[in-house]
Amino acid sequence: MQINRSVIAVHDGVRATWAEVNLTRLEHNLAAIRQRVAPAKVMLIVKANAYGHGLVEVSRALAGKTDYVGVAVLEEGILLRELGITAPIIVLGGIWRDQIGHYLQHDLTLTASSVERLEQIDAAAGEMGVKARVHLKIDTGMERIGIHYYSANLLQEAALRCRHVEIEGIFSHFANADSRDPAHARLQLERFNEVLRFYERRSLPMPIRHMANSAAILQLPESCMDMVRPGILLYGVYPSPVAPHAVEVQPALAWKSRVVYFKVVKPGHPVSYGSTWQSDHEVRIVTVPVGYGDGYFRSMSNRANVIIRGKKYPQVGTVCMDQMMVNIEWDSAYNGDEVILLGEEGSMRITVEDLAEWAGTIPYEILTNINTRVPRVYIAD
Ligand SMILES: *Cc1c(COP(=O)(O)O)cnc(C)c1O
C-alpha cells in the first residue's frame, strides 16, 4: 500500500467518501492485454486522470511496465515529466503552435496532424537545437484531428523534408471498433494500411504503426500492428456490451462512502429537492455524503442502488450536490456503516455499467467524472 495524503485523510476519519484503486488488478489487466497482443507493444492510456483512477499513482505504478504512455493534453504530459516518469510519452490530442516549445522542453512526443503543424514543429526544433519526436496522425474515418487518409501522402512527403524531426510513429483511431458490425472499422483499417504502403513503395523504414483501442484489441486483432492503445480495458471495464471478452480483466476501482445520518420518515413526507419520491408507509432513510458534486450524477436520482451491510437498497429522492438519501425500509444501518456505490461485497456487486445505465451514459463518463474531491486510496492484493 502506498501512503499518500488521501490515505491518511481516510484513515483519520476526515473524509467519508473515497475511491479505492487496486494496483494489483491494474497490473494484472496490463499483463493480460500484453499477452493478448504480443508481440505488439502496449501504450498505457492515462488521460483524464487515468480514467478517474489517478494519473500520478497509476503512472508511477505502471509506467515502468509499459512501452509508451499516452495522454490527451499537454498539461498531463508535463505533470508526468515533473514526477520523474522517464518512459516515452505522447500527447494524442491536437496541438496549437505556442505549445510546441513546451513539448520539446519536456521531451514529449508530438502528434502532427497537418503539414503546417509539422513544419512549425520542425522550425521550433531547429531553433532549439533539438530533434522533435513525432507521430503522424491519419484520419481514416473519425473526422476528428488528423490528415485525411486520401491526402496523407502530403504529410508523409513533408516529413521527408524536415531536418529536425524524427517520425517515430504513425497512427489512426477507430470511430466504431465497439460496434457489433465491424464493417466501418475494417474500412478504416484498410485505409490506414493503404497509407502505410507509402513507406514500402519508397523502401523507407516503417514507423511504429498503432491504431487499436480497447474495443479493437478485443474484436479486431489484425489491427494490433506494432503497438496498441488500451484505455478502458486496462481499468478492467469492457468498452461496450457487445465487445467479446477476449481478454479477462477485472475492475480496478471501487467507490465507497459511509452512512452519516439516520431517520424515520412518515408516509406522505417527500424526500429531497423537488419532492420526487415519497413512501406510502413508514421507512428508515439514511443520508450518504456523496452527490453530483462528486460525480454521482443527478440523473441517477431514484434509479440507483447502493450496498449496505451486504444488501442492495434504492437511492431515493433527488441526488443533491453533496448528499443523497437511501431507503433501507425497516432494516438497520448505523452511522459510519460502509456504503458501496460501485464495487463488491460478498455476492453483491454494483458495476460501472450499472451506474452508466442509471445515468443514461457510458462507463467512460462515469469513471472520468469521479471528482478530484473524492480522495483515491491505493491498495494492493
Ligand atoms: C482515449 C483513446 C484511446 C483509448 O480508448 P479506449 O476505448 O479507452 O481503449 C486510444 N487512442 C486514442 C487516440 C484515444 O484518444
Side-chain angles (χ1 to χ4, degrees), residues 25-47 50-51 58-59 61-72 85-92 109 111 133-142 146 149 152 156 166-179 182 184-200 204-240 243-250:
R25 284 198 177 178
L26 286 177
E27 282 174 17
H28 162 87
N29 295 343
L30 176 59
I33 293 167
R34 197 180 271 297
Q35 194 179 11
R36 159 89 173 169
V37 305
K41 294 168 189 267
V42 178
M43 180 188 292
L44 188 74
I45 302 293
V46 291
K47 62 186 177 184
Y51 289 50
V58 170
S59 303
L62 297 184
K65 298 183 163 68
T66 186
D67 304 292
Y68 230 102
V69 176
V71 294
I85 303 279
T86 55
I89 300 172
I90 183 171
V91 179
L92 296 162
T109 303
T111 293
R133 208 179 317 110
V134 167
H135 288 208
L136 304 179
K137 178 71 187 281
I138 313 300
D139 181 359
T140 54
M142 177 79 178
Y149 64 97
Q156 292 168 303
E166 179 208 345
I167 304 299
E168 182 193 56
I170 182 165
F171 72 112
S172 189
H173 189 58
F174 285 112
N176 293 296
D178 58 350
S179 144
H184 188 249
R186 290 237 165 81
L187 179 63
Q188 282 195 265
L189 181 58
E190 261 170 49
R191 288 167 174 172
F192 190 46
N193 276 322
E194 181 53 36
V195 168
L196 296 171
R197 285 194 193 101
F198 173 92
Y199 299 100
E200 281 159 26
L204 290 166
M206 184 65 79
I208 300 172
R209 305 161 298 168
H210 51 106
M211 186 164 190
N213 56 4
S214 296
I217 290 168
L218 295 174
Q219 57 181 2
L220 210 62
E222 62 270 39
S223 69
C224 289
M225 301 187 170
D226 302 318
M227 185 156 68
V228 297
R229 304 191 305 264
I232 197 104
L233 197 60
L234 178 74
Y235 302 101
V237 177
Y238 292 93
S240 86
H245 291 195
V247 181
E248 272 311 315
V249 293
Q250 292 185 312

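Judged purely by atom type and a 3.5 angstrom limit, T109 has no side-chain atom pairing as donor or acceptor with the backbone of V134. Under a 3.5 Å cut-off, the side chain of E248 and the backbone N or O of A32 do not form any donor-acceptor pair. Side chain of T66 to backbone of A63: no donor-acceptor contact under 3.5 angstrom is found. Counting only distance, with no hydrogens or angles, the side chain of S179 and the backbone of P182 share no donor-acceptor pair below 3.5 Å. For E190 (side chain) and A185 (main-chain N/O), no donor-acceptor pair under 3.5 Å exists by modelled atom type. Between the side chain of R36 and the backbone N or O of L218 there is at least one donor-acceptor pair closer than 3.5 Å. Judged by distance alone, the side chain of Q250 and the main-chain N or O of N29 form no donor-acceptor pair under 3.5 Å. Looking only at distances, no side-chain donor or acceptor of N176 sits under 3.5 Å from a matching main-chain atom of H184. Within the 3.5 Å criterion, the main-chain N or O of R209 finds a donor-acceptor partner in the side chain of D226.
With rounding to the nearest 0.5 Å, the separation of CD1 in I208 from CE in M43 is 8.0 Å. Rounding to the nearest 0.5 Å places CZ of R25 at 16.0 Å from OH of Y235. One finds the CG atom of L136 at 11.5 Å from the OG atom of S172 (value rounded to the nearest 0.5 Å). R229 CZ to K47 NZ: the interatomic distance, rounded to the nearest 0.5 Å, is 8.5 Å. To the nearest 0.5 Å, the span separating CD1 on I45 from CG on L233 amounts to 12.0 Å. How far OG of S214 is from CG of D178: 10.0 Å, rounded to the nearest 0.5 Å.
Residue Q35 places its CD atom among 12 or fewer non-hydrogen atoms of other residues, nucleotides or ligands, all under 6.0 Å distant.
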Please lay out, stage by stage, how I170 and M225 fare under the test side chain to side chain contact (heavy atoms under 4.5 Å, CB included). CA-CA 11 Å; I170 182 165; M225 301 187 170; over 6 Å; no

Check the pair F174 / M211 against side chain to side chain contact (heavy atoms under 4.5 Å, CB included), numbers first and verdict last. CA-CA 7 Å; F174 285 112; M211 186 164 190; 3.5 Å; yes

Using the side chain to side chain contact (heavy atoms under 4.5 Å, CB included) rule, take H173 and Q188 through it: C-alpha gap first, then chi angles, then the decisive distance, then the call. CA-CA 8 Å; H173 189 58; Q188 282 195 265; over 6 Å; no

The test is side chain to side chain contact (heavy atoms under 4.5 Å, CB included); show your working for E200 and M206 and say whether it passes. CA-CA 8 Å; E200 281 159 26; M206 184 65 79; 4.0 Å; yes

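Minimum heavy-atom separation, F171 to L92: CE1-CD2, 3.8 Å. Residues P230 and L234 come closest through the heavy atom pair O-CB, 4.3 Å. Of all the heavy atoms in L220 and S223, the pair that sits closest is O-OG, 2.7 Å. Scanning all heavy atoms of the two residues, the minimum distance from Y199 to P205 falls at CD2-O, 3.8 Å. The nearest pair of heavy atoms linking G141 to A175 is O-CB, 3.8 Å. In plain terms, the two heavy atoms of T111 and K137 that are nearest each other are CG2-CB, 3.6 Å.
Ion pairing between a basic and an acidic side chain is recognised when a charged N comes within 4.0 Å of a carboxylate O; R191 and E194 show no such pairing. Note on D67 versus R34: salt bridge recorded, some NZ/NE/NH1/NH2 to OD/OE distance being below 4.0 Å.
Outside the 6.0 Å centre-distance limit, the rings of H210 and F192 are not counted as a close aromatic pair.
Judged by distance alone, the side chains of E168 and H135 do bring a donor and an acceptor atom under 3.5 Å apart.
Contact of the L204 side chain with the F198 side chain is registered, since non-hydrogen atoms from C-beta on lie closer than 4.5 Å. Between Y51 and V58 the shortest side-chain heavy-atom distance does not fall below 4.5 Å.
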